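Written below as structure tokens is the structure these notes are about.
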Amino acid sequence: MTQNPHPPTSAAPLRLPVPQDQVLFRRLSTDFYPWTEVLTALETLQQQGLTGVLDVEQQGRWARFVWVGGQLLGGLAASGSEVTLDVAMRGLSRAWVTLTLTDPLVAEVLWECRHTAPRPLPLPWPAVHERLQRERFQGVLLAGPHCSFWEGGRVTSGVLPPAGATCHALSSRQQHNRELLVSTWREVLAVTARTAPRFEEVWKQVSMQLAGRHPVLDPFAGEVTLIRGRLAVEDDVPMQELLPALLAAYRLSLRQLRLDLRTLPLDGVRRGPGWAATGLETL
């Protein structure tokens, strides 16, 4: 199974509750459902594009593993160190295992926020709701044992706080990066449109071709448009859908125009803070 190496850390880990609406198996004992069976199930699910969380517990010790799109983001131990599945199996040989499917946003936030300290919010629930909507909050809202996941100022899963509860927030990296990334892509597309007069025409054709795989590109939906060289993105387009779609459309547009990214006058954009996160270096 594919695993990404990560440096260990001694910071106290944060093991957020996982929404329980798609539990594949809950607290199965490896005494009766051995690790070999667990691995077989994980291998199959990973090949199918597993997005979810494996929690392993034994006598107060635990480890958590997170996948997105079939790729293992990593594993976290109760000590705060990152751990491989092999090590966890040896150390927690007689464990209880729970495997839960999630949407990509939940999985990414669980992993990104594993060492992030929640920040207190100035208002209790539900008074803070309007502020979260206005700020298009993306991340996790915590209130005691209650945990809910948010995207674009809307709740996507989890349990909301009771009235009057003091709330804490955890913001995913994407929340901070959204405006920067869209701004960077807007500049890239504007420069390309100025450099290649047929670019916008080809972009529209490519968007039609890719709309089946990336629905946000559907020109009839109007969620992502390129008009007179200016990119416009609807506020409610999820980042995990937007960025792969932009990258796919740009890659195919350059190919059809026989343009090389390295020859475009993008030096100023490359030096900007948003370039690395666009994925354009993979082209």
Side-chain angles (χ1 to χ4, degrees), residues 14-22 51-53 66 68-69 73 100-187 211 214-227 230-246 273-274 277-278:
L14 181 64
R15 188 166 63 143
L16 293 168
V18 182
Q20 297 293 291
D21 50 341
Q22 297 187 77
T51 297
V53 179
V66 182
V68 172
L73 300 185
T100 309
L101 300 183
T102 70
D103 63 43
L105 170 70
V106 170
E108 289 164 1
V109 168
L110 287 171
W111 185 249
E112 288 179 11
C113 295
R114 65 197 182 279
H115 295 300
T116 304
R119 70 179 191 278
L121 296 178
L123 298 172
W125 184 263
V128 76
H129 191 188
E130 182 179 349
R131 173 174 175 165
L132 296 175
Q133 288 179 312
R134 184 175 64 252
E135 295 178 353
R136 300 192 55 76
F137 173 64
Q138 180 160 311
V140 182
L141 184 68
L142 295 169
H146 306 282
C147 175
S148 54
F149 294 80
W150 294 61
E151 181 177 32
R154 296 180 293 109
V155 181
T156 62
S157 58
V159 181
L160 290 172
T166 299
C167 298
H168 290 73
L170 284 161
S171 294
S172 71
R173 195 165 55 241
Q174 286 187 348
Q175 167 74 4
H176 300 299
N177 285 353
R178 181 185 180 96
E179 184 175 344
L180 174 62
L181 287 169
V182 171
S183 174
T184 302
W185 268 106
R186 187 171 287 137
E187 190 172 355
H214 300 285
V216 297
L217 294 175
D218 186 342
F220 298 105
E223 293 180 296
V224 176
T225 58
L226 185 65
I227 300 175
R230 179 172 175 79
L231 173 70
V233 178
E234 291 291 321
D235 288 342
D236 58 355
V237 175
M239 286 296 286
Q240 67 265 25
E241 295 179 21
L242 174 64
L243 295 182
L246 290 175
T278 61

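Source: prediction; values computed, not measured. These numbers come from the heavy atoms of this one structure, side chains and all, not from hydrogens, waters or symmetry mates.
Counting heavy atoms from C-beta outward, P120 and T166 have side chains that stay 4.5 Å or more apart. Between T102 and T51 the shortest side-chain heavy-atom distance falls below 4.5 Å. Between P19 and T100 there is no side-chain heavy-atom pair separated by less than 4.5 Å. Residues L73 and L110 form no side-chain contact, since every pair of their non-hydrogen atoms from C-beta on lies 4.5 Å or further apart. Residues L181 and L246 form no side-chain contact, since every pair of their non-hydrogen atoms from C-beta on lies 4.5 Å or further apart.
In this structure, OG1 in T184 is found 11.0 Å from CG in L231, a value given to the nearest 0.5 Å. If you take CD on E234 and CG on L242, they are separated by 11.5 Å, rounding to the nearest 0.5 Å. Atom CD of E241 is separated from atom NE2 of H214 by 10.0 Å, given to the nearest 0.5 angstrom. For the atom pair CG (L105) and CZ (F149), the distance works out to 8.0 Å, reported to the nearest 0.5 Å. How far CG of L170 is from CZ of F137: 7.0 Å, rounded to the nearest 0.5 Å. The structure places CG of L14 at 7.0 Å from CG of L142, a figure rounded to the nearest 0.5 Å.
Taking T225 as the reference, I227, A232 meet the side-chain contact (heavy atoms from CB on, under 4.5 Å) condition, with sequence neighbours excluded.
Among residues at least two apart or in separate chains, side-chain hydrogen bond (donor to acceptor under 3.5 Å, both in side chains) pairs with a member in residues 122-132 are R131-E135.
Side-chain atoms of S148 never come within 3.5 Å of backbone atoms of L160 as a donor-acceptor pair (strictly under, hydrogens ignored).
Residues P118 and H168 approach most closely at CB-CB, 3.7 Å, considering heavy atoms. Minimum interatomic distance between L123 and A127 (heavy atoms only, all atoms of both residues): CD1-O, 3.8 Å.
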- side-chain contact (heavy atoms from CB on, under 4.5 Å) between E223 and D218: does it pass, once the steps are laid out? CA-CA 8 Å; E223 293 180 296; D218 186 342; over 6 Å; no
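Heavy-atom contacts from other residues, nucleotides or ligands closer than 6.0 Å to CZ of R154 number 12 or fewer.
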